Number of protein chains: 2
Amino acid sequence: MIRVLLAEDQGMMRGALALLLDLEDDMEVVAQVAAGDEIVPAALEHTPDIALLDIELPGRSGLDAAAELRQKLPGCAVLILTTFGRPGHLRRAMEAGASGFLVKDRPVEELAVSIRRVRDGERVIDPALAAAALSAGPNPLTQREREALNAAVDGATVADIADRLSLSRATVRNYLSSAIGKTGTRNRMEAVREARRNGWL
Amino acid sequence: MIRVLLAEDQGMMRGALALLLDLEDDMEVVAQVAAGDEIVPAALEHTPDIALLDIELPGRSGLDAAAELRQKLPGCAVLILTTFGRPGHLRRAMEAGASGFLVKDRPVEELAVSIRRVRDGERVIDPALAAAALSAGPNPLTQREREALNAAVDGATVADIADRLSLSRATVRNYLSSAIGKTGTRNRMEAVREARRNGWL
DNA sequence: GCGTACCCGTGACATTTGTCCTGCCGCACT
DNA sequence: AGTGCGGCAGGACAAATGTCACGGGTACGC
């Protein structure tokens, strides 16, 4: 019996996946959480064999939780299940010790299959995505550039960002300009989009 | 037997929902589509009793398709199933003749229940969302203001937008400025966010 | 007919944004 | 000891953005 922990914020998706996995006669969903910061506590309590984690979660990123989970509960394999196939996300997932990376676009049938393959020690990664991650190269943005871009997503002005990061406005503009240069874009919004697309944020 | 058409772009979600609905002994998924422009043709071919439509779809909006569907196949009720509870979307759904409006945040169990209630002629709407839609008032943006905002989402410059809409740059700036004023925001990005939040785009 | 709302445009203006150059500091690597 | 990189900041400048005041045109309702 494969014991599964399920982390997914959208109630309908979470419920549907849980029902489906419970239908498989060699699987059992032992814990369901909707927020990133509930993952590790729930895993420690229920000691699942496999953690099925979304990335975009309230409270804490699934990638973040995955890293801690691998440390505190090495017996539990991590399978990332996410909406977008961002090269940077795949890279970070592998660095965090994940055993697999699935995108929600694929048919449901693959899910149970992938879980079993992970249980058998295999790694499950979409070949096309793996190629994209290798060709895209590592994240070129520095910590501060990421923070500046992240603070700029919702239309904040330079002054807003400077306040939030406790920096000078000149410094913020330098970071943004640098990020725009590195992403090969024309303004901060394009830079945000490009960085997001690559999973650099 | 309730015959259901399912329109949802995310493969895993679509497959999971289809499996779940097929498990109900009074329901049958007779057609599945992944794009908005496949909805009407598929419905005309399979004549379902209920169309379960996502809003954000490639090719064509689910709301758009819903309006045509109600005209060409009045016997088929429309149930909108969407990620975000935007007041403007609810309003447009009602104007298009939808019988219900569900957000994907709710537990799966509600789905089958809602479908049966719609079949019985009831209307299914989250009360909190209905209140929000009423208090938000109608869409204040004109057609052109919407187009300008939509063209500005990905960081396009005024020149880009002007080219795409075949307008003068000065005109585009006026539309954007007007939209910024109507949304009570400080720049185009905040305006886009606010308009999106309300379902005005 | 008149008012109103939308469409489209121009010109002027202040502000914001993006770029480039300069400088200082600390840290790591050689 | 020197080099490079990242963090941090300031100044100067051109370009983009947002605002405002002003036109003209069409359509619709009263």
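A, B, ... follow the sequence lines: proteins, then strands. Residue 1 opens every chain. Owing to the predicted nature of the structure, the values given are computational and were not obtained by experimental measurement.
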**Report entry** 5′-ward residue of the pair A:Ser166/A:Lys182 relative to DNA chain D
**Finding:** A:Lys182
Pick base, sugar-phosphate or nothing for [X], based on heavy-atom distances below 4.0 Å to the nucleic acid.
{"X": "A:Arg169", "answer": "nothing"}
{"X": "B:Thr171", "answer": "base"}
{"X": "A:Asn187", "answer": "sugar-phosphate"}

Of the listed nucleotides ([options]), which one gets closest to any side-chain atom of [X]?
{"X": "B:Arg144", "options": "D:dC8, C:dC8, C:dT10", "result": "C:dC8"}
{"X": "A:Arg188", "options": "C:dT10, D:dG6, C:dG18", "result": "C:dG18"}
{"X": "A:Ile180", "options": "D:dG6, D:dC8, C:dG18", "result": "C:dG18"}
{"X": "B:Gln143", "options": "C:dT10, C:dC7, D:dC8", "result": "C:dC7"}
{"X": "A:Leu167", "options": "D:dC8, D:dT17, D:dG10", "result": "D:dC8"}

Protein-nucleotide distance ([X], atom [atom1]; [N], atom [atom2]), rounded to Å:
{"X": "A:Tyr175", "N": "C:dT17", "atom1": "OH", "atom2": "P", "result": "18 Å"}
{"X": "B:Leu176", "N": "C:dC8", "atom1": "CG", "atom2": "P", "result": "14 Å"}
{"X": "A:Arg173", "N": "D:dA14", "atom1": "CZ", "atom2": "C1'", "result": "12 Å"}
{"X": "B:Leu165", "N": "C:dG9", "atom1": "CG", "atom2": "P", "result": "10 Å"}
{"X": "B:Glu147", "N": "C:dC6", "atom1": "CD", "atom2": "P", "result": "14 Å"}
{"X": "B:Glu145", "N": "C:dA5", "atom1": "CD", "atom2": "C1'", "result": "11 Å"}
{"X": "A:Met189", "N": "C:dT16", "atom1": "CE", "atom2": "P", "result": "19 Å"}
{"X": "B:Asp160", "N": "D:dA16", "atom1": "CG", "atom2": "P", "result": "10 Å"}

Query raised in the report: Considering only heavy atoms and no angle criterion, is a donor-acceptor pair shorter than 3.5 Å present between the side chain of B:Asn174 and the base of D:dC20?
Result: yes
Requested in this report: For the residue pair B:Leu57 and B:Asp9, establish whether any side-chain heavy-atom pair is separated by less than 4.5 Å.
Outcome: yes
Query - Student check: side-chain heavy atoms of A:Thr171 and A:Leu165 closer than 4.5 Å - result: no
Query raised in the report: Do A:Glu8 and A:Arg14 sit within salt-bridge range, that is, some charged N less than 4.0 Å from a carboxylate O?
Result: no
Query - Salt-bridge present (B:Arg193, B:Glu190; N to O < 4.0 Å) - result: no
Query raised in the report: Just checking, any donor-acceptor pair under 3.5 angstrom between side chains of B:Thr185 and B:Glu194?
Result: no
**Report entry** B:Arg186 side chain near D:dG18 phosphate (N/O to OP1/OP2, under 4.0 Å)
**Finding:** no
Query raised in the report: So, is B:Ser177 near the phosphate of D:dT19, with a side-chain N or O under 4.0 Å from OP1 or OP2?
Result: yes
